[in-house]
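Below you'll find the structure, written out as structure tokens, and then a few comments.
Remember, predicted model here, so these are calculated numbers, not experimental data. The figures here come from the full heavy-atom set of this structure, side chains too, leaving out hydrogens, waters and symmetry mates.
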Amino acid sequence: MGERKYCYRCMEKYDSQLHVCPNCSYDDTTPHNPMYITPGTVLHDRYLVGILLEFNGEGATYVGHDISTGCRVLLREYMPVNLCTRIKGKATISVNYNNLAKYKAFMAEYTELNKSIARLRNDSNINPVLDMFAENNTTYTVFEYIEGEKILDYLKENAGELSWEQVSKLFPPLFTTIGRLHNAGIIHRAISPDTVYITDKGDLRLSGFCVSAVRTANAGLEYELFKGYAAPEQYSASSSSRQGSWTDVYGVCALLYRALTGCMPVDSMSRLKHDDLCEPAMLNTNIPQHVSRVIMEGMNLSGRDRIQTITELVTKLFEQPVAAVRSTAPAAAAVSAADNYAADYRETPPYEPAYQQPVQQQYAPQDYPPPQNYGYGNQPYYDNREEHYRYEKVNTVDRIKIPVIIGILLLAVFMIIFVVIMNILKDPKTISSTDSGYTSSTNNIVSGTSDSATEETLPKDTQVPDLVGKFYTPTKEKWKEYFTLDPKYDFSDEYDIDMIIAQSVEKGEMAAKGSVITVTVSKGKETAIIPDFSGCTVEQYKIRLKQAGFTEAYFQFVESKNYYYGTPESVVAIEVDSKTAVPGASFSKKESKRLTVYYIPKNGVTSTTVTEVTTVATTTEEVITTTMPEITTTIPEVTTTVPQQTEPPIVTTTIPVVPPPDDPPEYGW
């Protein structure tokens, strides 16, 4: 048998002379996205990188192979595409100098998040962290490979839904795990059928952990929210939209809604405009009434009025209503049976200290009860029989009848509009000379097209995506094969620099491939605060200005003619429109022309001795050298010519961006 190689999809070995894996049919000649790591790369001298599985605003996940153990793993790479780029032909990441502070801050949060997850590695319902390491100017996390499938696929294989009996046995261990995450200060923010897996052993496992900015709209990174499962407060980055354990309660209840009814819940943003979410018991009459009401309470659009913790949620879910009966003895027996059922569902402490539960039996970490024994203490019981029948016999019919009538009316209106459009298209006066079925009035939807005649002949076969809130530079590259984005710049207090504020073609509309779409791009906030220049050299103050939101178009450095004493290259004064300005003052980018920064030139006379002058100048040069990473981060020619040198270690010493004066994160630098 000849030499063997690994398949980059299934990580099984096969004959190296073959190009198609006999196990999974993967073709090793398949091109890969150059923004991500080339399959076959070895990281940390231990992990073989396979194909790209998924990516979002935080980073990318690859299938991998642990060479030392021979096991398949998942490799998560921190790589926010709007803040950095990949060096061509290398695994190394190059950070844009203007985004350095954000890149470091989010990487520190990413590192701490995964460290916290690693401390919970003994919890079988969390995908465990196996390793973490820093390389290629970023941080990698190694997870255990999940042998199973997403709960969404599992539901599809089971008629689209589960019974309450199945859910009450399958989900409680996951509830306990989410409570432990909250106790550890971790809010998941993305609990959905796409992030919960069911293993081959029948256990649920939670994945999809990301930094908070990825799970919150307009928070600094390209966000990823799961429609129907994201709470309304996740669609706003304002301080008034508080997030906490109640945010995950919304996601858990939405997941239960999907599992019990087989229907995806209505998106929370649509509900804010018109809340037409049906109760689960209306869609599936087998769902217990109290469970249906608790799920709706957990999906309350107001975070304050929503169930606040997982403890409170599960306590209410496993309350067992007892029907009142005439005989006192049977009633007592029924209450006793319900109490015994509830007693089997006790919570494993410690759990959500903000809510004090009744004193219950304590379990040691190694003595957790099996899944069928999760639950909560005794609760008061009441007779809801009358309400049950009223809800089933009257409200259900009334609520379904109205939507059906509305649906029929909308269908009739749609058919009328369709007939009118067909008659117009059949009219020879409205058909274009090219007989393509598109008139000039309907082919100029996309603004900015340079040739309307050519546009008329192109079929509008591409759906325009939602570009608002995305960063312009990576979005332009992502869609360049479909559209040309024509930017117009304007100030915005809501969106960060380089974020798209508006688009000329609404999302969901069809447009011809190659069309030009005009987008409004944010130039950042209209006003900025002038930073303090005390003790700063020219290069150090440039960094402070950029961190404060000043681009080079809004400031200039001028040699001072009025100051003769001080350290060479030090900043001594600032002016705005020829008027003296002080640090902390507000600078209007729209009204003011430019910020003028005065500094002492290198040949300036100081009040120290000649020897001291030389020492200061040398020190200043060293500071300038260590605070000028722009050469390696903004000029691609430098990074692409490095591999031609004879010593590979030069790549790792020139690419990492030297941080500004603030302290670097503990891990990864």
Side-chain angles (χ1 to χ4, degrees), residues 53-54 56 58-59 61 73-76 110 112-130 132 141-155 162 166-212 214-215 224-226 228-231 234 243-260 265 298 307 309-311 313-314 317 347-348 351-352 365 368 370-371 374:
L53 296 179
E54 60 184 10
N56 58 20
E58 176 195 77
T61 302
V73 296
L74 294 175
L75 297 170
R76 180 68 176 174
Y110 169 86
E112 290 305 316
L113 170 65
N114 286 284
K115 282 183 178 180
S116 299
I117 297 173
R119 297 186 188 103
L120 301 172
R121 63 171 59 90
N122 293 328
D123 193 314
S124 61
N125 298 109
I126 299 177
N127 197 24
V129 175
L130 304 178
M132 288 184 68
T141 309
V142 183
F143 292 92
E144 182 180 295
Y145 189 85
I146 302 177
E147 299 291 347
E149 60 181 345
K150 293 180 179 180
I151 194 70
L152 180 63
D153 298 325
Y154 179 76
L155 291 173
L162 302 175
Q166 291 173 300
V167 168
S168 63
K169 294 179 181 179
L170 185 62
F171 278 79
L174 179 65
F175 297 152
T176 302
T177 294
I178 296 173
R180 290 189 184 130
L181 288 171
H182 292 172
N183 286 341
I186 301 173
I187 308 299
H188 191 279
R189 297 180 176 88
I191 299 173
S192 72
D194 284 301
T195 57
V196 177
Y197 286 75
I198 183 165
T199 66
D200 295 341
K201 297 180 181 179
D203 299 326
L204 296 184
R205 183 167 287 188
L206 185 61
S207 65
F209 294 89
C210 283
V211 297
S212 59
V214 176
R215 303 304 186 197
E224 179 189 48
L225 300 179
F226 292 93
Y229 304 93
Q234 294 180 249
Q243 298 183 25
S245 57
W246 53 90
T247 304
D248 280 348
V249 167
Y250 189 100
V252 169
C253 290
L255 178 59
L256 291 175
Y257 189 104
R258 172 65 178 84
L260 291 170
I307 295 175
T309 66
I310 293 296
T311 301
L313 170 66
V314 184
L317 280 175
E347 176 185 358
T348 303
Y351 207 76
E352 297 287 357
Y368 291 129
Y374 277 73

Review point. Of Leu152, Val252, Leu174, which is the lone residue that meets side chain to side chain contact (heavy atoms under 4.5 Å, CB included) with Val196?
Key: Leu174
Which distance, rounded to the nearest 0.5 Å, do you find between the [atom1] of [X] and the [atom2] of [Y]?
X	Y	atom1	atom2	answer
Thr61	Glu54	OG1	CD	4.5 Å
Ile198	Ile151	CD1	CD1	5.0 Å
Phe143	Met132	CZ	CE	8.0 Å
Leu260	Cys253	CG	SG	10.5 Å
Asn183	Ile178	CG	CD1	12.5 Å
Ile191	Leu255	CD1	CG	8.0 Å

Contact between [X] and [Y] at the side-chain level, heavy atoms closer than 4.5 Å - yes or no?
X	Y	result
Val129	Val142	no
Asp248	Leu181	no
Arg215	Phe226	yes
Asn127	Tyr197	no
Asp203	Ser124	no
Ile117	Thr141	no
Arg205	Pro128	yes
Pro172	Val314	no

Using only atom types and a distance under 3.5 Å, with no angle test, would you say the side chain of [X] pairs donor to acceptor with the backbone of [Y]?
X	Y	value
Thr195	Gly208	no
Asn125	Leu204	yes
His188	Ser207	yes

Exercise for review: Taking salt bridge (charged side-chain N to carboxylate O under 4.0 Å, His left out) as the test, write out the residues that go with Glu149, two or more places apart.
Suggested key: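 Glu149: no salt bridge (charged side-chain N to carboxylate O under 4.0 Å, His left out) contacts found.
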**Study point:** Set of salt bridge (charged side-chain N to carboxylate O under 4.0 Å, His left out) partners for Arg76, sequence neighbours left out
**Key:**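 Checked Arg76 against salt bridge (charged side-chain N to carboxylate O under 4.0 Å, His left out); matches are Glu58.
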For the residue pair [X] and [Y], what are the closest heavy atoms and their distance?
X	Y	answer
Asp200	Gly148	OD1-CA, 3.7 Å
Ala259	Phe171	CB-CZ, 4.5 Å
Pro265	Gly228	CG-O, 3.3 Å
Thr309	Ser245	CG2-OG, 4.0 Å

Exercise for review: Would you please say whether a donor-acceptor pair under 3.5 Å links the side chains of Asp123 and Thr177?
Suggested key: yes
Practice item. Run the numbers on Tyr229 and Asp194 for side-chain contact (heavy atoms from CB on, under 4.5 Å), then give the verdict. Key: CA-CA 10 Å; Tyr229 304 93; Asp194 284 301; over 6 Å; no
Check your understanding: Can you list every salt bridge (charged side-chain N to carboxylate O under 4.0 Å, His left out) pair that touches residues 250-260, not counting sequence neighbours?
Key -> none
